[in-house]
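For reference, the structure is listed below as structure tokens.
Chain naming here is simple, since letters A, B, ... match the order of the sequence lines and numbering starts at 1 in each. Keep in mind the model is a prediction, meaning the values are calculated, not measured.
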Amino acid sequence: MIAAPDRTPLTREFFDRPVLEVAPDLLGRVLVRTTPDGPIELRLTEVEAYDGPNDPGSHAYRGPTARNGVMFGPPGYVYVYFTYGMWHCMNLVCGPEGRASAVLLRAGEITEGAELARKRRLSARNDRELAKGPARLATALGIDRALDGTDACATEGSPLSLLAGTPVPSDQVRNGPRTGVSGDGGVHPWRFWADNDPTVSPYRAHTPRRRRT
DNA sequence: CCTTTGATGTACT
DNA sequence: GTACATCAAAGGA
């Protein structure tokens with residue numbers, strides 16, 4: 001018998017810890033996205049840590065802007081950014097307040113509302129691909145900049161919340177270099193994933209792009 | 001399986 | 001102008 005996932009919401013205190021502590025602890029937790037059509041639930045299988053001021057790979061490295069302002073606020077809130085001209089990615093702000101550290105949600109397994117996720121991810125060839133990658137995850141859950149700054153710890157009528165779920169045991173958590181991060185930011189082994197999980201995205205080292213003509 | 005390329009907002013040089 | 005916490009389509013092996 002496998003114990004049923006714990007539906008207790010994660011508290012502010014959960015996020016008010018150093019990002020390198022929170023990131024691996026998020027694996028196996030359940031993200032609940034409430035849409036007008038119904039709920040979609042996702043079991044997290046892959047994340048990356050970004051540690052604000054000390055981290056050249058972080059959006060917060062060069063200080064606050066209109067885009068990243070939420071990262072400089074209190075922990076437990078959602079930072080959503082728009083990138084490559086067409087994709088959204090979702091992060092959870094960690095503590096302490098003002099440090100501007102956050103966890104990028106990179107991949108997960110849809111455990112509820114798969115039919116809703118499939119409508120948003122028409123190119124997915126199977127359900128394992130629905131949220132295999134950070135932009136795919138955000139697309140599957142219908143997440144965009146309108147949700148930037150949402151409190152992920154709120155329980156009543158919140159469009160987003162996190163439940164305790166079934167944490168991945170530490171001996172099944174693997175870590176390695178972050179995907180697609182260039183320069184000095186690429187040295188940190190701050191990508192965490194659930195060992196042997198089919199929904200984890202393939203690792204891609206950073207590759208410089210050729211100039212457009 | 002693999003590699004190449006186009007899509008293009010935001011931040012920065 | 002150029003890089004970027006990306007993805008999907010197209011074509012080759």
Side-chain angles (χ1 to χ4, degrees), chain A residues 15 18-20 22-24 26-27 31 42 44-72 75 77-94 99-108 110 117-149 152 174-193 198-213:
Chain A
F15 295 100
V19 66
L20 291 179
V22 175
L26 276 168
L27 298 175
L31 174 63
L42 174 105
L44 290 168
T45 60
E46 181 189 355
V47 299
E48 274 175 6
Y50 288 85
D51 192 15
N54 303 318
D55 183 359
S58 169
H59 286 173
Y61 184 58
R62 294 179 180 87
T65 66
R67 175 172 73 160
N68 68 15
V70 173
M71 289 183 82
F72 290 83
Y77 287 76
V78 176
Y79 165 49
V80 179
Y81 66 88
F82 185 61
T83 192
Y84 289 101
M86 59 184 95
W87 307 111
H88 295 276
C89 295
M90 172 181 171
N91 302 255
L92 295 167
V93 177
C94 294
R99 189 181 177 89
S101 60
V103 178
L104 170 68
L105 307 186
R106 287 197 56 90
I110 303 284
R118 287 185 203 112
K119 285 188 206 165
R120 300 180 181 279
R121 291 274 300 117
L122 295 178
S123 64
R125 290 174 299 177
N126 55 62
D127 283 3
R128 302 194 320 265
E129 285 187 356
L130 286 175
K132 186 185 231 168
R136 290 169 169 180
L137 184 155
T139 302
L141 298 179
I143 286 163
D144 61 22
R145 284 281 287 168
L147 290 167
D148 187 53
R174 303 247 287 134
N175 72 291
R178 293 178 297 185
T179 302
V181 177
S182 67
D184 296 339
V187 305
H188 300 300
W190 291 348
R191 172 178 177 246
F192 301 89
W193 67 94
T199 63
V200 171
S201 70
Y203 173 70
R204 306 231 186 279
H206 174 75
T207 51
R209 308 285 320 276
R210 205 180 55 170
R211 245 184 323 121
R212 204 164 60 99
T213 54

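- You'll find the side chain of A/Val22 reaches within 4.5 Å of the side chain of A/Phe15, heavy atoms only.
- Summarising the geometry, the separation between CZ on A/Arg67 and C1' on C/dA3 is reported as 11 Å, rounded to the nearest angstrom.
- Among the heavy atoms of the strands lying under 4.0 Å from A/Gly57 is at least one base atom, whether or not backbone atoms are also near.
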message: So if I define the base as every atom that isn't primed, P, OP1 or OP2, how would nucleotides 8-13 of chain C read as a B/S/- string at a heavy-atom cutoff under 4.0 Å?
response: S-----
- prompt: For DNA chain B, what is the dot-bracket line, given that a base pair needs Watson-Crick (N1 to N3, plus N6-O4 or O6-N4) or G-U wobble (N1-O2 and O6-N3) geometry with both distances under 3.5 Å, and | means paired with another strand?
  reply: |||||||.||||.
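- Looking at the side chain of A/Tyr50, the nearest of the listed nucleotides C/dA5, B/dA11, C/dT6 is C/dA5.
- One interatomic measurement links the two molecules: CG of A/Asp51 to P of C/dA5, which rounds to 16 Å at whole-angstrom precision.
- Taking a 4.0 Å limit (strictly below) on heavy-atom distances, residues 59-66 of chain A reaches DNA chain C at A/His59.
- A/Tyr79 has its OH atom 10 Å from the P atom of C/dA5, to the nearest Å.
- Counting heavy atoms from C-beta on, the side chains of A/His188 and A/Leu20 never come closer than 4.5 Å.
- Close to C/dC4, at under 4.0 Å from its OP1 or OP2, lies a side-chain N or O of A/His206.
- Stacking of the aromatic ring of A/Phe82 onto the base of B/dG9 is not found under the criterion of centres within 5.5 Å and planes under 30°.
- Each of A/Ile110, A/Leu141, A/Thr199 was compared with A/Leu130 under the side chain to side chain contact (heavy atoms under 4.5 Å, CB included) criterion, and only A/Ile110 meets it.
- A straight line from CZ of A/Phe192 to C1' of C/dA5 spans 15 Å, rounded to a whole angstrom.
- Across all non-hydrogen atoms, the minimal contact from A/Ala107 to A/Lys132 is CB-CA, 4.2 Å.
- The heavy-atom pair separating A/Pro75 from A/Cys94 by the smallest distance is CB-C, 3.6 Å.
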Side chains of residues 77-91 of chain A: which donor-acceptor pairs under 3.5 Å do they make with residues two or more places apart or in other chains?
residue : atom : partner : partner atom : Å
A/Tyr79 : OH   : A/His59 : ND1          : 2.9
A/Asn91 : ND2  : A/Tyr79 : O            : 3.2

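- Put simply, A/Arg106 has a side-chain N or O that comes within less than 4.0 Å of OP1 or OP2 on C/dT6.
- Across A/Thr179 and A/Glu48, no two heavy atoms sit closer than the pair N-OE2, 2.7 Å.
- In this structure, the side chains of A/Val93 and A/Val70 come closer than 4.5 Å at one or more pairs of heavy atoms.
- Rounded to an integer number of Å, the gap from A/His88 NE2 to B/dA7 C1' is 14 Å.
- A/Asp148 places its CG atom 18 Å from the P atom of B/dG9, with the value rounded to the nearest Å.
- Between C/dA5 and B/dT3, the two C1' atoms lie 22 Å apart (nearest whole Å).
- Partners of A/Trp193 by ring pair (Phe, Tyr, Trp, His ring centres under 6.0 Å), not counting sequence neighbours: none found.
- Rounded to whole angstrom, the span from the CE atom of A/Met86 across to the P atom of B/dT5 amounts to 16 Å.
- Applying the salt bridge (Lys or Arg N to Asp or Glu O under 4.0 Å) test to residues at least two apart or on different chains, the pairs with a partner in residues 133-149 of chain A are A/Arg145-A/Asp148.
- Computed from coordinates, the A/Tyr81 OH to B/dA11 C1' distance equals 14 Å when rounded to whole Å.
- At the heavy-atom level, A/Arg178 lies nowhere under 4.0 Å from the strands shown.
- Once rounded to the nearest 0.5 Å, the distance linking CG of A/Leu105 with OG1 of A/Thr45 reads 10.0 Å.
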query: Can you check side-chain contact (heavy atoms from CB on, under 4.5 Å) on A/Val181 and A/Trp190, steps first, answer last?
result: CA-CA 11 Å; A/Val181 177; A/Trp190 291 348; over 6 Å; no
